[in-house]
Amino acid sequence: MKKLFTIIAALLFGVMAFAQTTATTPSQDLKIQYKSSRLVGYDVELTVLVTNMSSSEVLVNLVGGIYQTGMGGSVAYDNDGNVYELGSILVSVANKSLTDQYSAMTFPSKVPVKCHILIKNVAKEADSFTKVKLCVLCPQLDVKSIGACFELNNVSFK
């Protein structure tokens with residue numbers, strides 16, 4: 001019985017570790033930390049902290065433009081097979097909305113800044129995002145290239 005319990009516990013911990021939200025960043029100078037997600041009507045709001053790890057403050061654009069990535073800018077994929085592209089993804093940084101590829105915010109050095117990502121009109125069948133790519137531009141750092149995106153994987157919201 002003790003062996004069976006140990007096996008079941010190991011399997012549960014393995015599943016929980018597999019389903020855990022992970023975050024990657026396009027630069028050593030920027031760090032993203034996933035904080036939470038919540039369902040707001042038919043929309044999903046993700047909260048993240050973005051930290052500028054460089055030695056000086058920089059202007060960062062977290063909306064990304066269509067021309068930068070070659071794949072439609074920021075995008076989210078839910079577990080039900082739906083795709084939410086740039087027009088459905090709204091970003092706010094420190095209570096200021098970033099509306100297009102020309103919107104940018106100043107990020108101080110070594111200070112985490114709270115950001116909200118709102119993904120609009122999420123399918124009612126979906127209960128998680130397999131991947132959320134948030135494109136980022138910052139000419140002062142090494143994220144000028146095509147396809148520079150933060151990625152959040154396995155984000156549950158129900």
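- With hydrogens and angles disregarded, a donor-acceptor distance shorter than 3.5 Å links the side chain of Ser109 to the backbone of Ser54.
- A salt bridge (charged side-chain N to carboxylate O under 4.0 Å, His left out) check over residues 35-63, counting only residues at least two apart or in different chains, returns the pairs Arg38-Glu45, Asp43-Lys120.
- When all heavy atoms of Thr51 and Pro112 are compared, the closest pair comes out as OG1-CA, 3.4 Å.
- One N or O on the side chain of Thr25 and one on the backbone of Leu30 form a donor-acceptor pair closer than 3.5 Å.
- Rounding to the nearest 0.5 Å gives a distance of 4.5 Å between CD1 of Ile117 and CG of Leu134.
- Annotation for Glu85 and Val75: closest pair CG-CG2, 4.1 Å, computed over non-hydrogen atoms.
- Of the possible polar contacts, one joining the Lys158 side chain to the Lys124 backbone as a donor-acceptor pair under 3.5 Å is found.
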side-chain contact (heavy atoms from CB on, under 4.5 Å) assessment of Val60 paired with Asn52 | CA-CA 9 Å; Val60 178; Asn52 165 19; 5.9 Å; no
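- Atom NZ of residue Lys133 and atom OG1 of residue Thr24 lie 9.0 Å apart, to the nearest 0.5 angstrom.
- The number of heavy-atom neighbours closer than 6.0 Å to NZ of Lys110, taken from other residues, nucleotides and ligands shown, is above 12.
- The aromatic rings of Phe129 and Phe157 lie tilted to each other, with the angle between the two planes from 30° to 60°.
- Under a hydrophobic-cluster definition in which Ile, Leu, Val, Met, Phe, Trp and Tyr are linked whenever side-chain heavy atoms come within less than 4.5 Å, directly or via other members, Val155 and Leu39 are assigned to the same cluster.
- Taking both residues in full, the closest heavy atoms of Cys115 and Val50 are given as SG-CG2, 3.9 Å, listed atom of the first, atom of the second, then distance.
- In this structure, CG on Leu152 lies 12.5 Å from OG1 on Thr130, to the nearest 0.5 angstrom.
- For the atom pair CD1 of Ile32 and OG of Ser27, the computed distance is 12.5 Å after rounding to the nearest 0.5 Å.
- In this structure, the separation between CD1 on Ile89 and CG on Leu46 is 9.0 Å, given to the nearest 0.5 Å.
- Taking every heavy atom of both residues into account, Ser156 and Ser37 meet most closely at O-OG, 2.5 Å.
- Between Gln28 and Met53, the shortest heavy-atom contact is O-CB, 3.8 Å.
- Listed for the Lys131 side chain is no donor-acceptor partner under 3.5 Å among the backbone atoms of Asn154.
- The two residues Leu49 and Lys114 have their closest heavy-atom pair at CD2-CA, 3.7 Å.
- Counting heavy atoms from C-beta outward, Tyr34 and Val132 have side chains that stay 4.5 Å or more apart.
- Taking CD of Glu125 as the reference point, atom CG of Asn79 lies at 10.0 Å (rounded to 0.5 Å).
- In this structure a side-chain-to-backbone donor-acceptor pair under 3.5 Å is present from Asp78 to Asp80.
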